[in-house]
Amino acid sequence: METSNPTKVTVETIVQAPVEKVWSYWTEPEHITKWNQPSEEWHAPRAENDLRAGGEFLTRMEAKDGSMGFDFSGIYDEVKPHEKISYTLGDGRKVDIAFVDQGEATKVIEIFDAESTHPVEFQQAGWQAIMDSFKRYTEAS
């Protein structure tokens, strides 16, 4: 796969919460550690977030059984509170997230550059599982 023209993958959800709450839960480390995992077998024991253009973020993701783990990190390119976040991952891939205010609900749309190691469908399913975890956590809190 050409890294200069990566496949773009989209995941999205509608969260039954106002955009201010959705934004806070998406960006604040104390919330990120509660929802940023694709399944019950994973967790995010640590998160750091310097939410500004040029700021860095890091979320440590680990299998609960200790068999594997990795740091998900990057640098913010653009931050528009309650509207948009764009960042570049450590491997150069781009991610854009839009927060669409729908009154008492918020549509979250995340578009990311696929990597070339795993099938696109696998990546989309994993990122959607994390998005679904975010929706469940935010609506339940």
Side-chain angles (χ1 to χ4, degrees), residues 1-102 104-141:
M1 181 184 299
E2 288 288 320
T3 54
S4 60
N5 190 16
T7 300
K8 300 275 187 194
V9 182
T10 302
V11 296
E12 62 184 62
T13 193
I14 296 176
V15 181
Q16 298 303 314
V19 70
E20 295 82 7
K21 178 180 180 181
V22 169
W23 180 267
S24 293
Y25 279 42
W26 189 273
T27 61
E28 294 173 7
E30 63 268 25
H31 293 298
I32 294 169
T33 58
K34 304 286 193 300
W35 61 260
N36 201 347
Q37 63 269 338
S39 70
E40 288 297 318
E41 291 78 35
W42 283 80
H43 68 146
R46 184 168 53 92
E48 301 169 13
N49 197 16
D50 183 7
L51 187 63
R52 61 180 175 82
E56 297 183 35
F57 68 89
L58 179 144
T59 302
R60 178 68 187 170
M61 301 177 83
E62 296 179 355
K64 288 182 179 176
D65 67 5
S67 63
M68 62 174 36
F70 62 93
D71 290 338
F72 183 80
S73 62
I75 297 175
Y76 290 109
D77 300 314
E78 183 179 9
V79 176
K80 289 185 178 178
H82 305 155
E83 292 178 30
K84 179 181 181 180
I85 296 172
S86 297
Y87 60 84
T88 302
L89 294 169
D91 62 6
R93 293 182 297 134
K94 301 283 188 180
V95 180
D96 293 303
I97 308 157
F99 299 83
V100 182
D101 186 348
Q102 299 181 332
E104 290 302 309
T106 305
K107 187 172 190 175
V108 183
I109 306 162
E110 189 169 27
I111 302 170
F112 66 94
D113 293 344
E115 43 92 353
S116 57
T117 306
H118 300 95
V120 170
E121 298 78 16
F122 178 81
Q123 294 174 65
Q124 184 172 27
W127 285 56
Q128 185 66 55
I130 293 169
M131 180 78 75
D132 294 345
S133 176
F134 172 75
K135 173 184 171 70
R136 283 191 303 275
Y137 171 73
T138 304
E139 289 179 353
S141 298

*Asks:* Does the side chain of Y137 reach to within under 4.5 Å of the side chain of V15, using non-hydrogen atoms?
*Replies:*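 SC-SC contact between Y137 and V15 ruled out.
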*Asks:* Find out whether Y76 and D50 are in side-chain contact, i.e. whether some heavy atom of one side chain is under 4.5 Å from a heavy atom of the other.
*Replies:*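 A side-chain contact is absent here, since even the closest heavy-atom pair is not under 4.5 Å.
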*Asks:* Rounded to the nearest 0.5 Å, how far does CD1 of I111 lie from NZ of K94?
*Replies:*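 Rounded to the nearest 0.5 Å, the NZ-CD1 separation comes to 14.0 Å.
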*Asks:* Quick one, D65 with E41, criterion side chain to side chain contact (heavy atoms under 4.5 Å, CB included). Give me CA distance, side-chain angles, the key distance, then yes/no.
*Replies:* CA-CA 8 Å; D65 67 5; E41 291 78 35; over 6 Å; no
*Asks:* Hey, are the side chains of T27 and I85 touching, using non-hydrogen atoms and a 4.5 Å cut-off?
*Replies:*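 A side-chain contact exists here, since the closest heavy-atom pair is under 4.5 Å.
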*Asks:* Look at the rings of F72 and F57 and say which category their plane angle falls in: under 30° parallel, 30 to 60° tilted, over 60° perpendicular.
*Replies:*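 Judged by the thresholds at 30° and 60°, the geometry between F72 and F57 is tilted.
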*Asks:* Does V9 reach the side chain of Q123, with side-chain heavy atoms less than 4.5 Å apart?
*Replies:*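 No, every pair of side-chain atoms sits at 4.5 Å or beyond.
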*Asks:* Report, as yes or no, whether the 6.0 Å neighbourhood of atom CD on E40 holds more than 12 heavy atoms from other residues, nucleotides or ligands.
*Replies:*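 No.
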*Asks:* Using a cut-off of 6.0 Å, state whether more than 12 heavy atoms not belonging to K80 lie near its atom NZ.
*Replies:*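 At most 12 heavy atoms, drawn from other residues, nucleotides or ligands, come within 6.0 Å of this atom.
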*Asks:* For the residue pair K84 and D96, establish whether any side-chain heavy-atom pair is separated by less than 4.5 Å.
*Replies:*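 SC-SC contact between K84 and D96 confirmed.
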*Asks:* Which atom pair, heavy atoms only, marks the closest approach of W23 to E83?
*Replies:*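 Minimum heavy-atom contact is CZ3-N, 3.9 Å.
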*Asks:* Between K64 and W42, what is the shortest heavy-atom contact and its length?
*Replies:*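 For K64 versus W42, the nearest heavy atoms are CE-O, 3.4 Å.
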*Asks:* Would you indicate whether the side-chain heavy atoms of E139 and Y25 approach each other to under 4.5 Å?
*Replies:*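 The answer is no, as the side chains (C-beta and beyond) never meet within the 4.5 Å cut-off.
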*Asks:* For a salt bridge (Lys or Arg N to Asp or Glu O under 4.0 Å) check, start with the C-alpha distance between R93 and E115, then their side-chain angles and the critical distance, and finish with the verdict.
*Replies:* CA-CA 8 Å; R93 293 182 297 134; E115 43 92 353; 5.7 Å; no
*Asks:* Do I97 and Y87 have side chains that approach each other closer than 4.5 Å (heavy atoms only, starting at C-beta)?
*Replies:*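 Yes, at least one pair of side-chain atoms sits under 4.5 Å.
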*Asks:* Of all the heavy-atom pairs spanning D71 and R60, show the shortest one and how long it is.
*Replies:*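 It is OD1-CD, 2.8 Å.
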*Asks:* Decide yes or no on side chain to side chain contact (heavy atoms under 4.5 Å, CB included) for L89 and D113, but give the supporting numbers first.
*Replies:* CA-CA 10 Å; L89 294 169; D113 293 344; over 6 Å; no
*Asks:* Could you go through residues 127-134 and list every donor-acceptor pair under 3.5 Å that involves a side-chain atom there, pairing it with any protein atom two or more places apart or in another chain?
*Replies:*
unit_1, atom_1, unit_2, atom_2, d
Q128, OE1, E12, N, 3.3
Q128, NE2, E12, O, 3.1
Q128, NE2, D132, OD1, 2.9
S133, OG, W35, O, 2.8

*Asks:* Could you tell me the separation between the OG atom of S73 and the CD atom of E48, rounded to the nearest 0.5 Å?
*Replies:*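 Reported value, rounded in 0.5 Å steps: 9.5 Å.
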*Asks:* So which heavy atom on I32 is nearest to which on A44, and how close?
*Replies:*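 So the two residues come closest at O-CB, 4.3 Å.
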*Asks:* Roughly how far, to the nearest 0.5 Å, is CD1 of I14 from NZ of K135?
*Replies:*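 Separation between the atoms: 7.5 Å.
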*Asks:* With side chain to side chain contact (heavy atoms under 4.5 Å, CB included) as the test, would you mind laying out the steps for R46 and L58 before giving the verdict?
*Replies:* CA-CA 8 Å; R46 184 168 53 92; L58 179 144; 3.6 Å; yes
*Asks:* How close do P29 and A47 get, heavy atom to heavy atom, and via which atoms?
*Replies:*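 Answer, listing the atom of P29 first, then A47: CB-O, 3.4 Å.
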*Asks:* In Å and rounded to the nearest 0.5 Å, what is the OG to NZ distance from S141 to K34?
*Replies:*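 Separation between the atoms: 9.0 Å.
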*Asks:* Do E104 and Q16 make a side-chain contact, defined as non-hydrogen atoms from C-beta onward lying under 4.5 Å apart?
*Replies:*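 E104 does not reach Q16 side chain to side chain.
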*Asks:* Give the minimum heavy-atom separation between A114 and P6, together with the two atoms involved.
*Replies:*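 Scanning both residues completely, I find the closest heavy atoms to be O-CB, 4.2 Å.
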*Asks:* Can you tell me how far apart NE2 (H82) and CG (D101) are? Round to the nearest 0.5 Å.
*Replies:*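 Result: 9.5 Å between the selected atoms.
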